[in-house]
Amino acid sequence: MREILLFYGIFAMYYVVTINTIYFGIILFSFRRILGIMKETFYSKYEALSGSKHVPPISILVPAFNEELTIKENVRSLLALHYPEFEVIVVNDGSGDKTLDTLIEEFQLKYHPPNMIKDTIATAEVKGVYYNPDYPTLYLVDKENGGKADSLNAGINLSNYSLISSIDADSLLEEDALIRIARKYMENPEENVAIGGNVRIANGCRIQNGMVKQVNLPKKLLPMFQTVEYLKAFLGGRIGWSDVNGLIIVSGAFGVFKKEYVVKVGGYRGGYPGEDMNIIIKLHRYMLDHKLPYKIDFCPDAVCWTQAPDTFKILGSQRKRWGRGNLKNMIEEGRFMFMRPKYKIMGMLTIPYNIIFETLSPYFRITGFLAILGYSFMDMTGWKLMGIFMLINVLYGTLLGLGSLLLEEMAFQRYPRVRDYFKMILYTVLMFFGYRQLGILWRFLGHIDFMRKNNSWGTMVRTSWNEDEDKEKAA
């Protein structure tokens with residue numbers, strides 16, 4: 001037993017070193033690219049582009065399930081986007097609340113039979129389409145419940161344009177977000193098949209008429225942790241992965257796709273969460289199988305604001321869902337690309353990294369913790385040595401988190417107050433003492449749900465965007 005524990009201890013040490021080294025390499029790619037992004041942002045004339053006839057039209061797809069508290073602001077923010085030609089297609093996925101009635105009343109929409117919808121991709125039954133000529137760019141699809149992927153496929157069937165954009169119903173786009181992501185697409189329209197936008201946490205921000213008017217950090221603990229977590233994932237991670245064309249996910253909250261290729265890979269996969277990762281893996285595989293030049297990119301200055309879970313129950317439900325989706329995607333798609341040179345960066349780096357350091361991470365980390373207990377009971381090492389090892393791990397992780405904050409300050413500066421950065425630095429350190437461990441546990445429990453064939457979406461409770469403002473008025 002002592003020999004087994006000793007071997008596993010050495011393995012765990014190399015595992016931690018390897019994952020941190022890969023993180024460090026990816027963030028270096030992010031820093032390499034950020035200078036180009038800053039130049040693009042400074043010299044691009046977005047106002048001129050927003051009125052140009054050369055900008056490609058886009059169909060914005062908004063799957064909605066029980067979103068009555070946020071859907072009005074979301075749709076109004078989309079209709080107010082600075083973009084030459086677009087349509088907004090909201091898909092009500094059999095909501096049990098007043099999502100459908102809220103939109104019908106707000107925009108005075110009228111019922112039309114569903115015969116205008118094509119049957120390009122099979123979906124659950126569509127009951128009807130609602131439309132008002134006074135809002136010529138807005139369509140509302142009412143359908144039986146089939147899940148988020150099914151709703152996106154229904155939106156594709158109705159869409160009129162060659163580019164589609166998926167937007168979560170609990171998210172708000174900045175008014176120039178679509179034109180910024182379109183500019184990225186126009187740099188290489190022949191090869192760009194998908195481009196992800198940047199997702200930021202809106203909790204604590206002042207929202208007015210569907211727009212973020214003042215950026216503030218969240219007041220609650222969990223949304224604050226997620227703020228620094230998202231900065232690390234999107235700025236420190238996705239910028240670097242996209243630089244080597246190894247991006248494995250375009251967030252379901254905001255992304256733009258070539259509809260032609262989404263249809264060719266069969267549309268979005270239903271039945272399990274993780275449809276945003278699944279569609280990207282399938283696009284990579286399709287393009288590489290057919291030896292087509294392509295790029296899946298990331299546009300960090302195209303910003304979408306989203307509500308973050310603010311209770312342990314809701315956050316745990318979300319993270320367990322993500323864990324199930326990741327495991328399902330690796331079993332369905334990742335295993336066919338794993339360590340196969342024909343799939344280039346995806347096959348030789350992205351998929352192996354995801355399997356070893358994301359999918360299997362809970363098992364290594366939980367058994368690593370048990371090994372530490374074994375060391376202690378068998379008196380194989382002192383607490384000082386273990387403490388030093390864990391301190392180095394925390395310092396390394398904190399350094400990577402600070403790198404993401406530096407990227408934010410260099411290029412975007414969305415948080416104007418100096419004290420905001422000190423607060424984010426504090427939470428970057430604190431997240432190693434409980435928050436990350438909870439994330440590992442939730443992912444493991446998500447795997448258990450997968451084995452039990454639990455396909456439920458889980459708990460997600462929305463709050464009104466104007467909740468704080470309403471409270472002030474009431475007071």
Quick one: does [X]'s side chain get under 4.5 Å of [Y]'s, heavy atoms only?
X: R180; Y: E174; value: no
X: E191; Y: N188; value: yes
X: Y135; Y: L79; value: yes

Checklist entry - Is the ring centre of W241 less than 6.0 Å from the ring centre of Y353? => result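 So the answer is yes for these two rings.
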Checklist entry - Would D150 and K143 satisfy salt bridge (charged side-chain N to carboxylate O under 4.0 Å, His left out), going step by step from the backbone distance to the final call? => result CA-CA 10 Å; D150 192 74; K143 61 181 282 295; 2.7 Å; yes
Flag, side chain of [X] to backbone of [Y], donor-acceptor distance under 3.5 Å:
X: N74; Y: D168; result: yes
X: D97; Y: T99; result: yes
X: N153; Y: Y268; result: yes
X: N132; Y: D134; result: yes

When you look at [atom1] of [X], are more than 12 heavy atoms from neighbouring residues, nucleotides or ligands closer to it than 6.0 Å?
X: E106; atom1: CD; answer: yes
X: K423; atom1: NZ; answer: yes
X: Q413; atom1: CD; answer: yes
X: Y111; atom1: OH; answer: yes

Next on the checklist: K220 and side-chain hydrogen bond (donor to acceptor under 3.5 Å, both in side chains): which single residue from T311, D310, N203 fits?
Outcome noted: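 Option passing the side-chain hydrogen bond (donor to acceptor under 3.5 Å, both in side chains) with K220: D310.
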Checklist entry - When I239 is tested against each of L247, I27, I37 for side-chain contact (heavy atoms from CB on, under 4.5 Å), which residue passes? => result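 One option only clears the test, and that one is I37.
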Next on the checklist: Can you tell me which residue among Y230, F312, Y427 is in a ring-ring contact (aromatic ring centres under 6.0 Å, His included) with F225?
Outcome noted: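 So, applying the ring-ring contact (aromatic ring centres under 6.0 Å, His included) to F225 and each of Y230, F312, Y427, only Y427 qualifies.
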Run the side-chain donor-acceptor check on residues 115-125: report pairs under 3.5 Å with partners two or more places apart or on a different chain.
from	atom 1	to	atom 2	distance (Å)
K118	NZ	N157	O	3.1
K118	NZ	S159	O	3.3

Contacts of type salt bridge (Lys or Arg N to Asp or Glu O under 4.0 Å), residue [X], not counting sequence neighbours:
X: D276; answer: none
X: K282; answer: none
X: E229; answer: R319

Checklist entry - Does any donor atom in the side chain of E332 or N329 lie under 3.5 Å from an acceptor atom in the other side chain? => result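 N329 and E332 do not have a side-chain donor-acceptor pair below 3.5 Å.
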Checklist entry - Is it true that the side chains of S95 and N92 contain a donor and an acceptor less than 3.5 Å apart? => result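 Yes, a side-chain donor-acceptor pair sits under 3.5 Å.
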Checklist entry - Which side chain to side chain donor-acceptor pair (under 3.5 Å) pairs, counting each pair once, include a residue from residues 25-38, with sequence neighbours left out? => result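 Sorted result for residues 25-38: R32-D243, R33-S242, R33-D297.
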Checklist entry - Centre of F234's six-membered ring, under 6.0 Å away, within 45 degrees of the axis: is that where NZ or CZ of R238 sits? => result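 The answer is yes, since R238 meets both limits relative to F234.
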Checklist entry - Within 45° of the ring axis of Y23 and under 6.0 Å from its six-membered ring centre, is that where the NZ or CZ of K232 lies? => result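 The answer is yes; both the distance and angle limits are met.
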Checklist entry - salt bridge (charged side-chain N to carboxylate O under 4.0 Å, His left out) between R321 and D449: does it pass, once the steps are laid out? => result CA-CA 9 Å; R321 184 174 72 244; D449 285 343; over 6 Å; no
Can I get a per-line list of side-chain donor-acceptor pairs under 3.5 Å for residues 339-348, giving both atom names and the distance, sequence neighbours left out?
from	atom 1	to	atom 2	distance (Å)
R340	NH1	F336	O	3.1
K342	NZ	D289	OD1	3.1
Y343	OH	D289	OD1	2.7

